[in-house]
Amino acid sequence: MDDLEEEFPAAKSPGKKPHEPVAFDVYSENGEQPPQRWRTGGQTLSSFTGSVAGKDLEAEREMEAGSMEWKDRIDKWKTKQEKRGKLNHDDSDDDDEKNDDEYMLLAEARQPLWRKVPIPSSQINPYRIVIVLRLVVLCFFLKFRITTPATDAVPLWLASVVCELWFALSWILDQLPKWAPVTRETYLDRLALRYDREGEACRLAPIDFFVSTVDPLKEPPLITANTVLSILAVDYPVDRASCYVSDDGASMLLFDTLSETAEFARRWVPFCKKFGVEPRAPEFYFSQKMDYLKDKVQPTFVKERRAMKREYEEFKVRVNALVAKAQKKPEEGWVMQDGTPWPGNNTRDHPGMIQVYLGSQGALDVEGRELPRLVYVSREKRPGYNHHKKAGAMNALVRVSAVLTNAPFILNLDCDHYVNNSKAVREAMCFLMDPQLGRKLCYVQFPQRFDGIDRHDRYANRNVVFFDINMKGLDGIQGPVYVGTGCVFNRQALYGYDPPRPEKRPKMTCDCWPSWCCCCCCFGGGSKHQRRGKNKGGGADSGADEPRRGLLGFYRKRGGKKDKLGAKKGGAGLYSKKHQQRAAFELEEIEEGLEGYEELDRSSLMSQKGFEKRFGQSPVFIASTLVEDGGLPQGAAADPAALIKEAIHVISCGYEEKTEWGKEIGWIYGSVTEDILTGFKMHCRGWKSVYCTPARPAFKGSAPINLSDRLHQVLRWALGSVEIFMSRHCPLWYAYGGRLKWLERFAYTNTIVYPFTSIPLLAYCTIPAVCLLTGKFIIPTLNNLASIWFIALFLSIIATGVLELRWSGVSIEDWWRNEQFWVIGGVSAHLFAVFQGLLKVLGGVDTNFTVTSKAAADETDAFGELYLFKWTTLLVPPTTLIIINMVGIVAGVSDAVNNGYGSWGPLFGKLFFSFWVIVHLYPFLKGLMGRQNRTPTIVVLWSILLASIFSLVWVRIDPFIPKAKGPILKPCGVEC
């Protein structure tokens with residue numbers, strides 16, 4: 001109630017006494033409004049101390065009193081407006097209507113900022129029924145398969161049953177988290193009325209954008225520049241947005257490109273905001289094929305657009321010149337414009353570098369308006385240190401941004417993911433700034449959408465099934481997983497803090513019992529109000545300010561006196577005495593934030609030396625972590641030079657030593673898929689996440705449409721899952737005492753065990769060819785009951801897929817492409833990931849991280865990269881499977897032709913499974929053929945060699961010609 005009073009001052013009636021009751025609109029966590037409860041007379045109705053229904057007569061009187069109170073509130077509000085000169089009784093009726101409209105706007109601002117859009121019961125209920133039926137049918141099917149072995153092919157039968165059991169387990173882990181999918185809807189107009197009302201100071205929360213890049217050759221600077229430009233032009237207050245670009249390759253090319261980008265942004269940003277263009281990445285805006293004059297009414301738009309396009313083309317030429325110059329590095333190394341050597345000439349041994357391009361004094365656009373801050377960051381690299389790749393770079397950005405701006409929210413993007421919806425940040429703020437839900441959220445995840453993918457999406461690059469089905473299912477449990485980009489974080493969640501827990505409601509007790517009875521019977525339901533009476537201050541209300549322990553054991557207070565970890569809001573912070581000599585802040589300055597506290601609490605805070613052990617030896621950064629609502633600590637912004645010096649210190653390569661960075665704080669180390677691990681740790685602490693799917697995609701990026709690059713990307717993801725499976729963070733045994741929900745645990749378990757499905761999948765795709773070559777089958781002769789279970793299983797699989805597509809809106813083509821690539825990736829990238837993970841964890845053999853190429857396709861050939869072929873060993877297993885199954889089909893048909901009509905019946909079952917394998921591998925086969933239907937010789941040779949060896953071995957073991965039984969007959973040599 002206190003939070004709502006502060007949040008919505010319009011709810012208070014002027015002239016009321018401090019304890020006089022007023023009416024509030026309270027919203028539940030899902031954004032729905034429960035029935036209002038009016039407070040009447042001098043007695044308040046508590047929401048947790050009993051029923052408010054009473055008798056009918058009392059209810060009617062209560063409603064009448066509530067109506068009278070509402071009229072009184074309107075009259076008093078009008079009286080207040082008259083005193084301010086905003087209302088005049090002599091005005092016309094139009095003025096009265098205008099004032100009524102204003103009051104209605106205030107009421108609208110108090111409405112929830114989002115809501116859950118329920119999936120119609122006609123769609124979700126049949127889906128759930130079919131899931132249950134499929135589970136029952138699956139149990140009976142597996143019982144039949146286990147109890148009826150194929151006596152003439154026991155090894156094949158046993159292998160197939162083991163594979164089917166694993167597939168059943170994998171399906172359960174994937175299906176259960178999709179039981180209660182959720183779709184959410186936001187209200188941007190209400191957000192603006194509440195926090196960004198015209199004529200008033202903006203109260204939207206600041207946000208820091210993170211863009212990470214490492215290789216300027218695979219991640220072209222022009223793509224990174226477009227991402228930065230789309231961020232700078234986002235529809236958000238410029239003084240509340242900052243962009244940090246992490247250059248982990250210490251490239252002077254990117255440094256100079258950002259300098260050109262900052263200059264071009266002075267013209268591009270005002271153009272975007274003046275005409276409201278979308279998207280605000282110039283490369284994609286000028287190349288989109290649509291009517292750009294739609295909804296444009298300004299006469300100067302066409303002229304200014306042509307001028308802006310010409311300036312962007314000139315900007316591209318300058319960037320291309322920088323790229324051409326960077327192709328050959330001088331022997332003496334790169335030299336900056338002022339003649340000094342570039343500090344990052346040695347990419348593995350260089351100091352930390354920070355450059356602020358925009359946001360400082362004098363950095364205005366061409367119309368004289370302020371621009372968002374743009375900061376270049378390259379962390380220190382030294383030999384002998386483990387820099388932890390992308391996760392380490394992101395943690396460095398967390399510390400730098402905390403020192404320079406310290407926004408409470410962080411949005412991270414890959415360098416190739418530009419802002420496609422300029423209001424995406426406002427969409428996220430509808431959840432993060434919600435008075436009830438926002439405190440419990442660790443991040444808001446947006447779906448990934450991609451440009452430049454062929455119409456048929458041959459290799460399932462869009463991953464629509466995962467983003468539109470699985471993620472919505474997770475949103476109905478504890479929240480979606482973090483997918484590495486397009487995510488808005490709560491900074492406090494990144495610092496490893498626990499989410500705020502709701503205060504427990506006091507239990508009802510009888511006042512006729514003495515107080516000592518409740519104390520003695522506290523285990524039998526004694527009143528918590530009475531037990532709190534012993535606290536200092538006495539009374540039941542003293543428990544509201546009772547301190548509670550945080551993650552480190554530091555005391556917190558919520559009553560407005562203490563902030564997180566016991567620090568006063570706006571105070572500087574606390575650190576160890578051995579760093580009193582640091583120039584930026586002295587211990588005396590930080591102790592000023594503790595004035596007014598009790599001596600006992602102050603001594604307990606001063607004795608906590610866990611600050612440095614947890615966050616590192618930076619008093620400025622530690623002070624920023626104590627400011628829960630963001631912003632720089634008091635007095636920190638007075639000396640920008642000292643802040644830059646401190647920012648250089650926090651990105652030094654030895655800063656994280658003997659701290660909890662990468663273990664409990666920030667992006668978590670230990671896997672190449674640090675995104676899954678980071679989100680998993682947050683959910684284990686009890687945080688929730690939200691999946692936001694606006695009508696216009698928030699962000700768009702590029703995907704590797706080439707077969708080899710796509711397989712390498714999937715290999716990296718699968719390798720990260722294997723690393724998590726073999727670490728202490730495995731969901732199978734980690735954090736069982738935490739607050740991770742069971743269905744969420746099932747989902748995380750599925751994300752780390754799916755690579756191991758490659759082994760049974762490879763065996764299952766080989767079994768049909770073996771059956772055709774040997775003349776045996778994994779299933780004995782079917783009876784009527786067994787046929788029913790087979791038919792029921794296939795029908796349930798089809799029904800589940802159809803109903804899933806119905807409620808999710810995914811097309812059947814996207815669903816089929818996902819099924820095909822599940823097989824392609826399973827028998828290639830996932831298989832190699834399992835063995836590489838075993839070698840890395842058990843043998844210590846590390847594998848190099850391959851950055852996915854983000855180069856754009858040639859404009860003359862939009863999908864030329866689709867047909868580009870690159871040799872990789874990942875291509876051998878799928879090609880071998882195709883050849884083996886084709887050979888098996890030919891051999892099986894030949895054998896049936898030779899043996900007559902009776903052998904055709906058993907052949908159809910074997911042919912069905914072989915065709916199932918070939919149809920799923922068909923996109924892979926098209927990728928091998930390329931545009932000219934030519935396959936590299938090395939792939940053909942290796943595949944034919946392996947297929948031939950495999951076939952000859954089986955023919956030698958069990959040839960098609962039946963073996964002779966009885967005595968061995970030899971020619972006697974006599975001509976009869």
Side-chain angles (χ1 to χ4, degrees), residues 210-219 221 224 244-256 258 326-336 340-355 375-400 403 415 612-613 615-618 621 644-663 665-674 677 716 719-720 723 727 836-837 839-852:
F210 290 177
V211 180
S212 59
T213 180
V214 61
D215 191 344
L217 298 179
K218 292 188 176 182
E219 300 167 333
T224 305
Y244 293 83
V245 181
S246 171
D247 179 16
D248 226 27
S251 170
M252 185 175 172
L253 171 60
L254 181 61
F255 182 85
D256 292 338
L258 287 182
Q327 296 299 319
K328 186 176 181 180
K329 184 177 180 179
E331 296 181 358
E332 64 277 5
W334 300 111
V335 180
M336 299 171 62
T340 59
W342 171 247
N345 279 320
N346 187 348
T347 57
R348 298 183 178 181
D349 187 5
H350 64 83
M353 295 176 283
I354 294 177
Q355 175 67 41
V375 183
Y376 169 89
V377 179
S378 181
R379 57 179 174 149
E380 183 184 14
K381 293 283 188 71
R382 299 299 179 191
Y385 287 90
N386 187 357
H387 301 289
H388 301 288
K389 300 176 182 177
K390 180 182 177 180
M394 299 303 294
N395 285 337
L397 287 184
V398 171
R399 297 191 293 270
V400 169
V403 172
C415 64
E612 291 182 355
K613 293 181 180 179
F615 296 112
Q617 300 179 359
S618 172
F621 175 75
I644 294 293
K645 183 178 180 181
E646 192 69 19
I648 292 291
H649 167 65
V650 298
I651 61 173
S652 59
C653 55
Y655 181 84
E656 294 183 355
E657 287 187 349
K658 298 180 180 180
T659 67
E660 295 189 9
W661 283 100
K663 301 173 185 176
I665 302 176
W667 273 255
I668 307 301
Y669 304 149
S671 172
V672 294
T673 53
E674 71 288 332
L677 202 53
R716 181 173 65 86
L719 179 60
E723 291 174 346
S727 68
Q836 287 187 13
L839 289 175
K840 182 176 181 179
V841 175
L842 302 179
V845 180
D846 196 2
T847 54
N848 291 327
F849 166 69
T850 303
V851 179
T852 306

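Predicted model only: the values in this text are computed from it and were never measured.
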**Student:** Do E219 and T224 pair up side chain to side chain, a donor and an acceptor below 3.5 Å, judged on atom types alone?
**Tutor:**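 Short answer, no.
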
**Student:** Does CZ belonging to R348 count more than 12 external heavy atoms closer than 6.0 Å?
**Tutor:**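 No - once you tally the heavy atoms of other residues, nucleotides and ligands closer than 6.0 Å, there are 12 at most.
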
**Student:** Could you pull out the closest heavy-atom pair between H350 and A250, with the gap in Å?
**Tutor:** NE2-CB, 3.5 Å

**Student:** Just do the side chain to side chain contact (heavy atoms under 4.5 Å, CB included) check on Y669 and N395 with the steps written out, would you?
**Tutor:** CA-CA 10 Å; Y669 304 149; N395 285 337; 2.9 Å; yes

**Student:** Do the non-hydrogen side-chain atoms of Y655 and E380 ever get within less than 4.5 Å of each other?
**Tutor:** no

**Student:** Working to the nearest 0.5 angstrom, can you tell me the gap between K390 NZ and T213 OG1?
**Tutor:**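 The NZ atom of K390 sits 10.5 Å away from the OG1 atom of T213.
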
**Student:** Relative to each other, are the rings of W661 and F621 parallel, tilted or perpendicular (30° and 60° limits)?
**Tutor:**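 W661 vs F621 ring planes: tilted.
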
**Student:** Flag the pair K389 / W667 as yes when at least one side-chain heavy-atom distance between them is below 4.5 Å, and no otherwise.
**Tutor:**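 SC-SC contact between K389 and W667 ruled out.
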
**Student:** List in chain and number order the residues that pass salt bridge (charged side-chain N to carboxylate O under 4.0 Å, His left out) with D248, two or more places apart in sequence or in another chain; answer none if no residue qualifies.
**Tutor:** R379, K381

**Student:** Using side-chain heavy atoms (C-beta onward) and a distance below 4.5 Å, is D247 in contact with L258?
**Tutor:** no

**Student:** Search all heavy atoms of S671 against all heavy atoms of L677 and return the closest pair with its distance.
**Tutor:** CB-CD2, 4.4 Å

**Student:** About how many Å separate CD1 of I668 and OG of S727, when rounded to the nearest 0.5 Å?
**Tutor:** 11.0 Å

**Student:** To the nearest 0.5 Å, tell me how far L253 CG sits from W334 CH2.
**Tutor:** 8.0 Å

**Student:** On a heavy-atom basis, which atom in V400 and which in A647 lie closest, and how many Å separate them?
**Tutor:** CG2-O, 4.0 Å

**Student:** Could you walk me through whether K658 and Q617 pass the side chain to side chain contact (heavy atoms under 4.5 Å, CB included) test, one step at a time?
**Tutor:** CA-CA 10 Å; K658 298 180 180 180; Q617 300 179 359; over 6 Å; no

**Student:** Say you draw a straight line from OG of S618 to CD of E646; how long is it, rounded to the nearest 0.5 Å?
**Tutor:**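 Between atom OG of S618 and atom CD of E646 there are 3.5 Å.
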
**Student:** So which atom in S212 and which in M394 form the shortest heavy-atom distance, rounded to 0.1 Å?
**Tutor:** CB-SD, 4.0 Å

**Student:** Check whether any side-chain heavy atom of S378 sits under 4.5 Å from a side-chain heavy atom of Q355, and report yes or no.
**Tutor:**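 No; the side chains remain at least 4.5 Å from each other.
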
**Student:** If we check side chain to side chain donor-acceptor pair (under 3.5 Å) with E656, which of these qualifies: R399, K663, H388?
**Tutor:**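 When R399, K663, H388 are each tested with E656, the side chain to side chain donor-acceptor pair (under 3.5 Å) holds only for R399.
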
**Student:** So, for P343 and P351, which heavy atoms are closest and what is the spacing to 0.1 Å?
**Tutor:**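 Residues P343 and P351, closest heavy atoms: O-CD, 3.8 Å.
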
**Student:** If I take atom OG1 from residue T673 and atom CG from residue L719, how far apart are they, to the nearest 0.5 angstrom?
**Tutor:** 8.0 Å

**Student:** Are I665 and F615 close enough that some pair of their side-chain heavy atoms sits under 4.5 Å apart?
**Tutor:** yes

**Student:** Out of V375, I651, L254, L397, which one pairs with S246 under the side chain to side chain contact (heavy atoms under 4.5 Å, CB included) rule?
**Tutor:**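 Testing S246 for a side chain to side chain contact (heavy atoms under 4.5 Å, CB included) against V375, I651, L254, L397 leaves exactly one candidate, L397.
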
**Student:** Less than 4.5 Å apart, any side-chain heavy atom of N345 and any of K329?
**Tutor:** yes

**Student:** Please round to the nearest 0.5 Å and tell me the distance separating atom CD of E674 and atom CD of E723.
**Tutor:**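 Interatomic distance, E674 CD to E723 CD, rounded to 0.5 Å: 10.5 Å.
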
